[in-house]
Amino acid sequence: MSLDFLGNLERTHLCGTLRAADAGKPVVVMGWVNRRRDHGNLIFLDLRDRSGICQVVLDRELTPEGHVRGEQVRPEYVVAAVGKVRLRAADAINPKMETGEIEIEATELRVLNDARLAPFSPAEDAIQNEEVRLKYRYVDMRRAEMQRNFRLRHEITRAIRESLSKQGFLEIETPILTKSTPEGARDFLVPSRVHAGEFYALPQSPQIFKQILMISGFDRYFQIARCFRDEDQRADRQLEFTQVDLEMSFPRREHVFGVVEKFLSAAFAAAGVALPTPFPRMTYDESMRRFGSDKPDLRLPGLTDVRPAFTNDALATLQIDPALPVVALRIPGVGELSRKEREDNHPLFDQKKGAKFIDDFKRLAKSFPESAAKVRELTSAAEADFVIVVAGDPAHHIKASDTKFEGRLSEREINVYAAAGNFRTELAKKYADRHGAFRVTEETVEAAHAHGGANAIDGAIDGSRAFHPIWIVDFPMFEYELASAKWVPAHHPFTAPYEADMANLVSDPASVRADCYDLAMNGLELGSGSIRIHRKDVQQQIFASLGISDDEARKRFGFFLDALEYGTPPHGGIALGLDRIVMLLAGAPNMREVVAFPKTAKAIDLMAEAPTTVTEQQLRELHLRVALKS
RNA sequence: GGGGACGUAGCUCAGUUGGUCAGAGCGCUGCCCUGUCACGGCAGAGGUCGCGGGUUCGAGCCCCGUCGUCCCCGCCA
């Protein structure tokens, strides 16, 4: 078919904005054919643009030519409708449409472009086949849900920029082509053409640059920064992602918390959600004990210590390690599970970590009726609640991991808590429909207002329909590496220890706490930051305690160590995952729903078909030769 | 690197114990229809059951391998 030119035609309105008040106005709208309903002499087109949908009527009597065009168009053709807004007859009003009281009586329809039939229609809800969605991302993103997600992302980003600007932060860009930063993940490398055999690294974070900006006297810096980490992906992890990165001079951590709470509640407000401040806090140890995670999801009940429910004899019979935690997790509203259903859940439990579980309470009650009853009592389990006991498995006892330091959770204890915590979140995800606590709906948003966000961290069910931020503090400074019998930093080596713990750096590394902090929300780590080391002597002590020689330090961080010596103010900061913030507010099950062109779990861009091989010529210019191991 | 789920028409799926099992709905194409809005009616097209091998008289179904997508562990502070 022949196509029409746009000519001098000017769009006057967006489809979704037309209302009864516009009746009688001449309009020109442009967009995509969402649906077509052909009644012979009368054709209805649902025309869609980014604002929504409105109905265009093509009447053969009124516009014979327009009617012919209407017969020719197909889904996703791009058209311009010229006509007049008119009120619909009372019995023709569609209350399900925002524009349902009016329609456009067309006098002309220009077909600006045709379209191949897509494998799915943007008029429908999301299809299940994500592979197809990602390959035809341009079609997928026409869907109302995607349009909403990216509008939301824009509003959130804008609110954050405005809040930080108001709080005196300067947005400064840092290099994408740079040097490897000490974040611990694998770097993406970019070969240099000019310098044969040498490589740039893409930043894992602007960490060193932002610290240098503090040395440079900018006092308060932020950046909506793209970061790159070459690690395997997850639902909440992409190879490249966006961080709200900030750093400030002369702060204590409370100042950082204040800044974050301010911009985050501004971001949530932009999405229509009230996020009360200040956010609650919890130590790392407590978070592990109560949730088996350092990014606790407070929407559901935490772990319960049920050690008192069991006698030593009972533990011996059940082959449970009496020296390790015995905890119970409870998923509300799951109801009775058959043996088969329970067994289907078993792969969700991570057994490698020396933990085991009991999910068959009928069987437990047969041998140990009092214990079974006591567990349900301790966990305040209702009839329909699913309860599982998690404990240490003596059969998977690794001797060396017994190493226990005063005042700290041992590795084995952490493993039991983590196994329980992981099982808890996996089951919670699986039974989300039954407990309903993860639903993000208009109701949730309303509830967030009504409940004031539930600062109570006990995960009471009535406060569960909301967003639950929590600061995790008092992380240990070092972790004990069994293999090498050495203390290794739990964070990047510029993280400051508590000033009060500094004296123990060498004598008692186990007791040293780091002045760093995580922000968690609904089971996601939203961000992480710290007060940094600003003194050369402290930095040297840290390197020394980590067994990093001067030479090695110089090689890895030379330019930064130099900079530290030219008048470094005390400073600290944080970085928050923007994608994750948007994900939460969009109620998205994974990050790909809020990233325009994401990569798959195998790190492939299905639309652009990246990565690819390159030409010999390109390799030559980069002084490279590919030698694949086969 | 490891574990798990999935893979049948463009999409969503059904397919029992290996034996009329190549199926449905939606979508698509053609014709008809002046008040639909998930329009309706009639007719029609559309399949290497992801791919390769094996077992069998016979495989969508069983076995082995492989590829792809997703989730998790490792990894990512």
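Just so it is clear: chains get the letters A, B, ... in the order the sequence lines come, proteins before strands, and each one is counted from 1.
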Quiz prompt | Contacts of A:Phe209 that satisfy ring pair (Phe, Tyr, Trp, His ring centres under 6.0 Å) - sequence neighbours left out | solution = none
What N/O pairs connect the protein and nucleotides 3-10 of chain B at under 3.5 Å? Give each pair on its own line.
unit_1: B:G10; atom_1: O2'; unit_2: A:Pro119; atom_2: O; d: 2.6

Self-check item: Charged N-O contact under 4.0 Å between A:Arg19 and A:Glu101
Solution: no
Quiz item: OP1 or OP2 of B:C73 sitting under 4.0 Å from any side-chain N/O of A:Arg234?
Solution: yes
Quiz prompt | Candidates B:G68, B:C76, B:G30 - which lies nearest the side chain of A:Glu231 | solution = B:C76
Exercise. Tell me whether the OP1 or OP2 atom of B:C72 has a side-chain N or O from A:Lys429 closer than 4.0 Å.
Key: yes
Practice problem: Establish whether the base of B:C70 is bridged to the side chain of A:Arg592 by a donor-acceptor pair shorter than 3.5 Å. | Solution: no
Quiz item: Does A:Thr600 place a side-chain N or O at less than 4.0 Å from the phosphate oxygens OP1/OP2 of B:U69?
Solution: yes
Quiz item: So what does A:Glu103 hit on the nucleic acid, given a heavy-atom distance under 4.0 Å: a base, only sugar-phosphate, or nothing?
Solution: base
Quiz item: Hey, is the side chain of A:Arg74 pairing donor to acceptor with the base of B:G30 inside 3.5 Å?
Solution: no
Practice problem: Give none if B:A24 has no partner; otherwise give the nucleotide forming a Watson-Crick or G-U wobble pair with it, both distances under 3.5 Å. | Solution: B:U12
Self-check item: Any residue meeting ring pair (Phe, Tyr, Trp, His ring centres under 6.0 Å) with A:Phe478, in chain and number order, not counting sequence neighbours
Solution: none
Heteroatom pairs (N/O) under 3.5 angstrom, protein to nucleotides 37-43 of chain B:
unit_1: B:C37; atom_1: O4'; unit_2: A:Arg37; atom_2: NE; d: 3.0
unit_1: B:C37; atom_1: O2; unit_2: A:Gln55; atom_2: OE1; d: 3.4
unit_1: B:C37; atom_1: O2; unit_2: A:Asn94; atom_2: ND2; d: 3.3
unit_1: B:C37; atom_1: N3; unit_2: A:Arg88; atom_2: NH1; d: 2.6
unit_1: B:C37; atom_1: N4; unit_2: A:Arg88; atom_2: NH1; d: 3.2
unit_1: B:C37; atom_1: N4; unit_2: A:Ala92; atom_2: O; d: 2.4
unit_1: B:A38; atom_1: OP1; unit_2: A:Lys96; atom_2: NZ; d: 3.2
unit_1: B:C39; atom_1: OP2; unit_2: A:Arg37; atom_2: NH1; d: 3.1
unit_1: B:C39; atom_1: N3; unit_2: A:His39; atom_2: NE2; d: 3.4
unit_1: B:C39; atom_1: N4; unit_2: A:Asp38; atom_2: O; d: 2.4

Quiz item: Less than 6.0 Å separating the ring centroids of A:Phe279 and A:Phe257?
Solution: no
Self-check item: Contact nearer the 5' end of RNA chain B, comparing A:Asp59 with A:Ile127
Solution: A:Ile127
Quiz item: So, do A:Trp32 and A:Tyr77 have ring centers that fall under 6.0 Å from each other?
Solution: no
Quiz item: With respect to the phosphate group of B:C73, does any side-chain polar atom (N or O) of A:Asn422 fall under 4.0 Å of OP1 or OP2?
Solution: yes
Practice problem: Would you list the pairs meeting side chain to side chain donor-acceptor pair (under 3.5 Å) in which at least one residue belongs to residues 598-612 of chain A, sequence neighbours left out? | Solution: A:Glu240-A:Lys599
Exercise. Please give the nucleotide sitting opposite B:U69 as a Watson-Crick or G-U wobble pair, both distances under 3.5 Å, or none.
Key: B:A5
Practice problem: For A:Glu61, report the nucleic acid contact type (base, sugar-phosphate, nothing); a contact means any heavy atom under 4.0 Å. | Solution: base
Quiz prompt | A:Tyr284: which of A:Trp471, A:Phe475, A:Tyr517 passes ring-ring contact (aromatic ring centres under 6.0 Å, His included) | solution = A:Phe475
Exercise. Please identify each residue that fulfils side-chain hydrogen bond (donor to acceptor under 3.5 Å, both in side chains) with A:Asp285, with sequence neighbours left out.
Key: none
Quiz prompt | Sole residue of A:Gln211, A:His534, A:Arg532 in side chain to side chain donor-acceptor pair (under 3.5 Å) with A:His571 | solution = A:Gln211
